[in-house]
Amino acid sequence: MERRYSDMSIEELRREIGELTDKARKAEQMGMVNEYAVYERKIIMAKSYMLNPADFKPGEEYQIEGDPAHNFRIVYMNGTFAWGYRLNDQGEKVSEEEEEALPISMLGKKMN
């Protein structure tokens, strides 16, 4: 039975990320796009558990890793997820849809 990331120590998470990275590399080499994407998402989640959610503050904007055209404004935090909105380079919401959640490991440098 697999352990939850929330139950793992930092060292166990590092080991898990290493194993997932190897599996993702192999899946990519074999052309297994869907499997590769699953491993990438697991890596993002494991990395989130290595960060402190208290370091991410509602009302602040952060760069989004892998999406340089948009920033992310946090409305509220729920565990390792930041809920909020993507913003364009003018600081406007990209969509009027409901808030979205991003794992905190996807948030980069603070913008404001």
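Sequential numbering from 1 along the given sequence is applied to the chain's residues.
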remark   = All heavy atoms of I44 vs all of S105, minimum pair found to be O-OG, 2.6 Å
Separation of E35 CD from K23 NZ (nearest 0.5 Å) = 9.0 Å
ask   = To the nearest 0.5 Å, how far apart are CG in L13 and CG in D7?
value = 10.0 Å
Residues that, via side-chain heavy atoms closer than 4.5 angstrom, fall in one hydrophobic cluster with V33 = none
task = Applying salt bridge (charged side-chain N to carboxylate O under 4.0 Å, His left out), name anything that partners R41, two or more places apart in sequence or on another chain.
result = none
query = What residues, two or more places apart in sequence or in another chain, satisfy salt bridge (charged side-chain N to carboxylate O under 4.0 Å, His left out) together with E12?
reply = R3
query = Can you tell me how far the CD atom of E40 sits from the CG atom of L20, to the nearest 0.5 Å?
reply = 9.5 Å
query = Hey, what do you get for CE (M50) to CZ (R14), rounding to the nearest 0.5 Å?
reply = 4.5 Å
request  = Please identify each residue that fulfils salt bridge (charged side-chain N to carboxylate O under 4.0 Å, His left out) with E100, with sequence neighbours left out.
outcome  = R86
ask   = In terms of hydrophobic clusters joined by side-chain contacts under 4.5 Å, are V94 and F72 together?
value = no
task = Starting from the C-alpha separation in whole Å, work towards a yes-or-no answer on side chain to side chain contact (heavy atoms under 4.5 Å, CB included) for H70 and L87.
result = CA-CA 5 Å; H70 299 107; L87 305 172; over 6 Å; no
Atom pair CG/CG of L102 and L107 - distance to nearest 0.5 Å = 6.0 Å
task = First locate atom CE of M106, then atom NZ of K47, and finally report the distance between them rounded to the nearest 0.5 Å.
result = 11.5 Å
ask   = Out of curiosity, does M30 fall in the hydrophobic cluster containing Y39 (side-chain heavy atoms, cut-off under 4.5 Å, transitive links)?
value = no
inquiry  = Using every non-hydrogen atom in the two residues, find where L51 and I104 come nearest and quote the distance to one decimal.
reply    = CB-CD1, 3.7 Å
key: Pair listing, ring-ring contact (aromatic ring centres under 6.0 Å, His included) test, anchored in residues 76-107, at least two apart   = Y76-W83
request  = List the atom of P103, the atom of M45, and the distance in Å for their closest heavy-atom pair.
outcome  = CG-SD, 3.8 Å
message = Please give me the minimum heavy-atom distance between I74 and K57, naming the atom from each residue.
response = CB-O, 3.8 Å
ask   = Restricting to pairs with a member in residues 7-35, which pass ring-ring contact (aromatic ring centres under 6.0 Å, His included), not counting sequence neighbours?
value = none
inquiry  = Can you tell me if N34 has over 12 outside heavy atoms packed within less than 6.0 Å of its CG?
reply    = no
request  = Answer yes or no: does atom CD of E11 have more than 12 heavy-atom neighbours from other residues, nucleotides or ligands under 6.0 Å?
outcome  = yes
request  = Search all heavy atoms of Y49 against all heavy atoms of Y5 and return the closest pair with its distance.
outcome  = CD1-CB, 3.5 Å
